[in-house]
2 protein chains.
Amino acid sequence: MLLTLRSGRLCVLLIQHDQPGSVAWAEPVAPAGPAGWLLPGGFVDGDEDLDAHAARRLAAATGVTGTGHLEQLRTYGGPHRDPRPAGVSVAYLAMLANLPQPPPRPHGPGGRWWPVEDLDTPDGPALVFDHRRIVVDGVERARGKLEYTPLAAAFCEDEFTLADLRRVYEAAWGVALDPPNFRRKVLSTPDFVVPLGRRALPRGGGRPAELYRRGAATALHPPLLRRSV
Amino acid sequence: MLLTLRSGRLCVLLIQHDQPGSVAWAEPVAPAGPAGWLLPGGFVDGDEDLDAHAARRLAAATGVTGTGHLEQLRTYGGPHRDPRPAGVSVAYLAMLANLPQPPPRPHGPGGRWWPVEDLDTPDGPALVFDHRRIVVDGVERARGKLEYTPLAAAFCEDEFTLADLRRVYEAAWGVALDPPNFRRKVLSTPDFVVPLGRRALPRGGGRPAELYRRGAATALHPPLLRRSV
DNA sequence: CCAAAAGTGTTGTCCATACACCCATGG
DNA sequence: CCATGGGTGTATGGACAACACTTTTGG
């Protein structure tokens, strides 16, 4: 399951489920079930480490290697989940910087980025099998992890401004954050970001922002809590 | 993977791995590898929901049904993890109130509760395969979830005092908490605990404590953060 | 000069910590 | 009466939200 930020909205990559064939990084099932959208996925050959397998797939699919973030989400299993041979699905969650436009589709069913907020609207995609549940779990995981890990940087390019980082939180949480306070909070969290001493190119009015890259922290102390209740 | 609190210490249930046979709730592998300790586990028959399967196993193993907490931890897979036929292991994590003494062992290899703090000491158990990694992951998951979920109540009996609850945090985190402040924090978190209006039996000096049961909250707002840094 | 975005300063409020103190029980 | 543990009150310090203000760019 791939998450990214596009036009200030948190988006998930879905594959149209209505024709046979496969794309470079996805092996959707043959069109036995109802039409709809599903998550890209495939099968493990059996004797490979799960994390390594997922990383290899992700790299093959997107070309992204060093950047972003990839982690295991959860394992879904049991009967009545999809018409494939009974078994379990180990879902992985990837967070990536804005990929170049719609993803490549050499041949086979089309894929596109869907804003997660559109999933439950009439115009949104209908997810087949238990994939809606997986997407909900993944989005909730990402939203939660933004609070206490430096995950937000995975949604940014290697060099980013604090406004870029703030927009990740705003998009994922659907809130507006106060820029001055956000800046102080991030800079006061040790090893969250590292200043590069350079500035971004100005773009249409406004003072150019300083550039940062991700720091070495694996957890945020203190966490950056979302205003709840 | 079963966690509980025994004598104020966080403990994990391990099975001795040195003789064939099986116990009611565990099916350890035949003694092909080195001697040591492993987590109880078994095999899924294929067509059952993973969560339901884990819950059924847990109930069969301990007799515990309504209380405690059970959740999926992570899936571990790939080669070189253990001599069993290649495949993946879906680890589940259960948190339970103090079970009656060492767990039952009708026949087969022995099991016992090990304090997690002893795992890396010379006197501690040597874990085989990748089970040490699983235990570390599970303990860390439990420690983290105490902060932002009402998980601590799962380690207590159905009716408990705030001191019982506090001792869960103290054991899991290895810190001492200030009883007055802990009390205020818990009571000010909506739906964390519900007062019963009764008191526990006094036990050897000291004022009897009020009794509580778990509330309906699924997440703590605000979280009960451990003092870090 | 004006608008827009980045960044700094300031202040009031809230909350957690630390600790003094009171309550209820057993010996 | 004392020791022990449960429960309440309270002052102080730190953190954060809100917002005024300065800086630096494009038009």
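First the proteins, then the strands, lettered A, B, ... as listed; each starts at 1.
With sequence neighbours left out, the side chain to side chain contact (heavy atoms under 4.5 Å, CB included) criterion links B:R203 to B:R167.
Listed pair B:R207 / C:dC23 fails the phosphate criterion, with no side-chain N or O lying under 4.0 Å from OP1 or OP2. In terms of phosphate contacts, A:R183 brings no side-chain nitrogen or oxygen within less than 4.0 Å of OP1 or OP2 of C:dA6.
The stretch residues 147-159 of chain B has no heavy atom under 4.0 angstrom from DNA chain D at all. Residues from residues 188-203 of chain B with heavy atoms under 4.0 angstrom of DNA chain D: there are none.
Side-chain contact check for B:Y169 versus B:V175: every heavy-atom pair is 4.5 Å or farther apart. At a threshold of 4.5 Å between non-hydrogen side-chain atoms, the residues A:L187 and A:L162 count as touching. Looking at heavy atoms from C-beta onward, B:L58 lies in side-chain contact with B:T62 at the 4.5 angstrom threshold. Side-chain contact check for A:I134 versus A:S89: every heavy-atom pair is 4.5 Å or farther apart. No side-chain heavy atom of A:L2 sits less than 4.5 Å from a side-chain heavy atom of A:V12. Between A:T75 and B:V88, every side-chain heavy-atom pair lies at or beyond the 4.5 Å cut-off. Contact annotation: the side chain of B:M1 approaches that of B:V139 to within less than 4.5 Å [non-hydrogen atoms, C-beta and beyond]. Side-chain atoms of A:P125 and A:L119, non-hydrogen and from C-beta on, do get closer than 4.5 Å to each other.
Going from atom CZ of B:R167 over to atom C1' of D:dG6 covers 11 Å, rounded to whole Å. Between the CG atom of B:D164 and the P atom of D:dG5 there is a distance of 14 Å, given to the nearest Å. As rounded to whole Å, 21 Å separates atom P of C:dA5 from atom CZ of A:F160. Between the C1' atom of D:dG5 and the CG atom of B:L177 lies a distance of 16 Å, rounded to the nearest Å. Note: CG (B:L187) to P (D:dG6) measures 14 Å, nearest angstrom.
Evaluation of the salt bridge (Lys or Arg N to Asp or Glu O under 4.0 Å) test over residues 139-152 of chain A, restricted to residues two or more places apart or in two chains, returns A:E71-A:R141, A:E71-A:K145, A:E140-A:R226, A:E147-A:R226.
Between A:D178 and A:R184 there is no salt bridge, since no side-chain nitrogen of the basic residue lies less than 4.0 Å from a carboxylate oxygen of the acidic one.
Residue-to-nucleotide proximity on DNA chain D shows that, of B:Y212 and A:G205, the 5′-proximal contact is made by B:Y212.
Here the closest heavy-atom approach between residue A:L70 and residue A:A94 is recorded as CD1-CB, 3.8 Å.
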If you restrict it to nitrogen or oxygen atoms, what contacts under 3.5 Å exist between nucleotides 17-20 of chain C and the protein, and what is each distance?
{"residue": "C:dA18", "atom": "N7", "partner": "B:N181", "partner atom": "ND2", "Å": "2.8"}
{"residue": "C:dA18", "atom": "N6", "partner": "B:N181", "partner atom": "OD1", "Å": "3.1"}
{"residue": "C:dA18", "atom": "N6", "partner": "B:R184", "partner atom": "NH2", "Å": "3.0"}

List every contact pair, protein side and nucleotides 12-14 of chain D side both N or O, where the distance is under 3.5 Å.
none

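Here the options are A:H53, A:R74, A:Q72, A:R57, the test is side-chain hydrogen bond (donor to acceptor under 3.5 Å, both in side chains), and the partner is A:Y92; only A:Q72 passes.
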